[in-house]
Amino acid sequence: MAVDALKLVEQLTDAQIDDLLQLYRHTAWWGKHRQRADVEKMLAQTSQVIGLQEATTGRLVAFCRLLTDGVTEARCMTSWWPKTTKDRG
């Protein structure tokens with residue numbers, strides 16, 4: 001997928017939350033039973049959401065969430081991207 005085919009997003013749409021649930025369920029054993037309500041609560045408590053969406057479809061293809069104290073510390077707590085894009089630079 002070309003970089004110009006992607007768009008940065010900082011807030012997820014309802015459809016992208018569904019995409020995120022699919023990323024969780026298909027990439028990690030602990031994500032298989034993740035419920036939408038829990039993901040929505042997690043997103044509400046996250047300091048910064050960074051996602052990449054396909055520019056033409058809006059489908060979420062990568063996700064990262066950051067937690068910060070707002071002063072000196074920030075940590076990447078979750079990052080996901082499809083297996084088809086791993087190890088491709």
Subject >> side chain to side chain donor-acceptor pair (under 3.5 Å) partners for D18, two or more places apart >> reply: R36

**OP:** Evaluate the criterion side chain to side chain contact (heavy atoms under 4.5 Å, CB included) for residue pair I17 and L43; output intermediate values, then yes/no.
**Re:** CA-CA 9 Å; I17 294 172; L43 290 169; 3.8 Å; yes

**OP:** Mind listing the closest non-hydrogen atom pair of M42 and T46 along with its distance?
**Re:**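 What the structure gives for the nearest pair is O-OG1, 2.7 Å.
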
Original post:
What is the minimum heavy-atom distance between D19 and L60, and which atoms define it?
Top reply: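 So the minimum-distance heavy-atom pair works out to OD2-N, 2.9 Å.
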
Original post:
Could you state the interatomic distance from OG (S47) to CZ (R75), rounded to the nearest 0.5 Å?
Top reply: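 Nearest 0.5 Å value for the OG-CZ distance: 12.0 Å.
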
Original post:
Hey, does the side chain of Q11 reach the backbone of V49 with a donor-acceptor pair shorter than 3.5 angstrom?
Top reply: no

Donor-acceptor pairs are to be reported for all side-chain atoms of residues 62-72 against protein atoms at under 3.5 Å, with residues two or more places apart or in another chain.
from	atom 1	to	atom 2	distance (Å)
R65	NE	T78	OG1	2.8
T68	OG1	G70	N	2.9
T68	OG1	E73	O	2.4
D69	OD1	V71	N	2.7
D69	OD1	T72	N	2.9
D69	OD1	E73	N	3.1

Subject >> Pair E10-Q48, side chain to side chain contact (heavy atoms under 4.5 Å, CB included): steps then yes or no >> reply: CA-CA 7 Å; E10 295 182 8; Q48 180 71 46; 3.6 Å; yes

Subject >> Under the side-chain contact (heavy atoms from CB on, under 4.5 Å) test, residues paired with R34 that sit two or more places apart >> reply: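 For R34, the residues satisfying side-chain contact (heavy atoms from CB on, under 4.5 Å) (neighbours in sequence not counted) are L21, Y24, W30, V39.
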
Original post:
Going through the distances and angles, do E40 and D38 end up as a side chain to side chain contact (heavy atoms under 4.5 Å, CB included)?
Top reply: CA-CA 5 Å; E40 289 174 345; D38 294 331; over 6 Å; no

Original post:
So do the side chains of R59 and Q53 get within less than 4.5 Å of each other, counting heavy atoms only?
Top reply: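 Not touching, per the 4.5 Å side-chain cut-off.
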
